[in-house]
Amino acid sequence: MPGVWEEHIRGRLEAQAKADLTRRLLSVTQVRGPEIEVEGRTVLLFSSNDYLGYSQHPALKQAAREAAEVWGTGAGASRLISGNLALYQDLETEAARFKHAEAALVFATGFMANLGLIASLVGPGDLVLSDALNHASLIDACRLSRAEIRIMPHADPEAYAVELKKVEPGRRVLLLTDAVFSMDGDLAPLAELAESARKYEALLAVDDAHGTGVLGPTGRGSLEHLGVDPAGIVQVGTFSKALGSLGGFVAGPALVIELLRNRARTLFYSTALPPSVLAVNRRALALIDEEPQVRARLQKNVRLLRAGLSEAGLDLLPGPAAIVPVMIGEPGPAAALARELLQDGLFCPAIRPPTVPPGQSRLRLSVMAVHTTEQIRRAVDLIPAAALRLGILK
Ligand SMILES: *Cc1c(COP(=O)(O)O)cnc(C)c1O
């Protein structure tokens with residue numbers, strides 16, 4: 001490697017190490033529901049977005065096997081060429097119905113759905129009001145679009161109203177927000193944002209990666225949870241979290257979906273999803289309707305974990321989703337706590353800058369419907385005990 005490059009790369013890695021921010025990829029060697037084997041050791045999983053445990057659902061495994069038998073293992077080309085298997089049409093009809101939207105379009109991942117959506121929808125001259133804690137995929141999508149971006153104070157509907165009042169008439173404005181914030185687990189003020197969007201003729205786009213399949217009486221997500229009418233709102237969902245699979249989708253007004261079909265580069269220049277994934281995704285949407293008890297079980301587990309950890313004196317961020325952030329502060333102690341817990345058999349990695357702002361390093365616990373009560377109790381015992389040993393809790 002050329003010397004200037006070697007020196008540059010070593011320097012970057014050393015800076016990362018000095019700031020306690022070195023990242024290491026752990027190898028998962030076996031999966032058995034909420035217990036997994038990490039590098040040969042069995043640990044209890046509290047870090048998966050597979051909230052309903054659907055990645056291990058027998059009906060979904062069956063759907064994957066059957067689709068692979070009938071259609072093969074890959075789509076062979078992008079959807080624009082010959083990869084647009086009929087499974088897509090079924091899935092998109094179901095995804096639109098699921099989100100009570102006019103139409104839907106499926107992308108390879110949630111990340112790619114966001115890139116395709118934002119870069120197709122807005123461009124130079126347009127204005128995007130984007131929440132300060134939006135997911136990295138939305139931030140990158142905004143940069144890619146070359147629109148004017150204004151970073152809004154987190155979950156502050158007043159701030160949006162103030163900005164909207166200042167916009168010259170006729171200018172196109174997009175309000176862009178995570179629905180459930182992925183690192184804080186709180187909800188965007190969607191009712192207020194929808195109202196402002198109506199009043200000022202702006203478009204509202206919400207990324208409900210963590211609400212889809214989890215929140216709302218029928219699992220539709222954050223809008224349903226808050227009782228907001230989805231008409232006219234652009235919603236992004238993923239199949240990669242509660243639905244236990246892979247893929248992202250945009251659901252919303254038919255006109256927006258038609259634009260994406262014509263403009264989204266992440267749709268054209270990337271291979272279509274494999275048939276097994278498409279079939280699993282469709283079946284997973286149906287399971288959300290068929291298994292309300294799994295969602296109820298998840299909510300029960302969330303309540304149990306939150307109550308136990310709060311009682312032990314830990315500092316939690318509130319929220320209705322299955323994400324439970326335990327605030328620590330500095331990255332060093334957060335990483336030490338995660339390491340200690342891994343030794344104890346509990347897998348819940350520390351989240352550190354730049355994923356969260358400086359001073360807000362945390363453990364990010366994800367609850368699953370398939371956790372037993374005993375497993376939740378184990379987390380409630382182990383986490384405060386380790387925090388005490390490390391002097392994080394006094
Ligand atoms: C996980 C996530 C994504 C990306 O979805 P993938 O399907 O994993 O690519 C997008 N937005 C938010 C808010 C997320 O949490």
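When a ligand or atom number is given, it counts from 1 through the structure's own listing order.
Looking only at heavy atoms of the protein, atom 14 (C) of ligand 1 is closest to K241 NZ, 2.8 Å.
An N or O contact shorter than 3.5 Å links G110 to ligand 1 by distance. Of the N or O atoms in S240, one or more lie within a sub-3.5 Å distance of an N or O in ligand 1. Among the atoms of D178, none of the N or O lies under 3.5 angstrom from an N or O of ligand 1.
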Derivation of the salt bridge (charged side-chain N to carboxylate O under 4.0 Å, His left out) call for E195 and K199
CA-CA 6 Å; E195 180 53 35; K199 187 165 164 197; over 6 Å; no
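Residue-ligand proximity, D207 to ligand 1, at heavy-atom distances under 4.0 Å covers atoms 10 (C), 11 (N), 12 (C), 13 (C). Each of the following atoms of ligand 1 lies closer than 4.0 Å to a heavy atom of F111: 4 (C), 5 (O), 6 (P), 9 (O). Near S137, with a cut-off below 4.0 Å to any heavy atom, the atoms of ligand 1 are 10 (C), 11 (N). Numbered from 1 in the order shown, with element, the atoms of ligand 1 that lie under 4.0 Å from a heavy atom of H210 read 14 (C), 15 (O). Set against the non-hydrogen atoms of A209, the atoms of ligand 1 under 4.0 Å away are 2 (C), 11 (N), 12 (C), 13 (C), 14 (C), 15 (O). Which parts of ligand 1 touch S182 is read off a 4.0 Å heavy-atom cut-off, strictly below it: atoms 15 (O). Near N114, with a cut-off below 4.0 Å to any heavy atom, the atoms of ligand 1 are 10 (C), 11 (N).
Aromatic ring pairs are classed by plane angle as parallel below 30°, tilted from 30° to 60° and perpendicular above 60°; the pair F111 and H135 is perpendicular.
Residue contacts with ligand 1 for L138 are absent, since no atom lies close enough (heavy atoms, distance under 4.0 Å).
Without hydrogens or angle criteria, R377 side chain to L304 main chain gives no donor-acceptor distance under 3.5 Å. Within the 3.5 Å criterion, the main-chain N or O of L144 finds no donor-acceptor partner in the side chain of D140. Looking at E92, its side chain does come within 3.5 Å of a backbone N or O of V106 through a donor-acceptor pair.
The closest side-chain donor-acceptor pair between R364 and S182, if any, does not fall under 3.5 angstrom. Between the side chains of H154 and D184, no donor-acceptor pair is found at a separation under 3.5 Å. Checking Q375 against R378 by side-chain atom types alone, no donor-acceptor pair falls below 3.5 Å.
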Which pairs would a plain distance check flag for residues 327-340, meaning a side-chain donor or acceptor within less than 3.5 Å of a matching protein atom at least two apart in sequence or in another chain?
unit_1: E340; atom_1: OE2; unit_2: R389; atom_2: NE; d: 2.9
unit_1: E340; atom_1: OE2; unit_2: R389; atom_2: NH2; d: 3.0

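For the pair M112 and ligand 1, no heavy-atom separation below 4.0 Å is found. Residue-ligand proximity: G248 is placed with every non-hydrogen atom at 4.0 Å or more from ligand 1.
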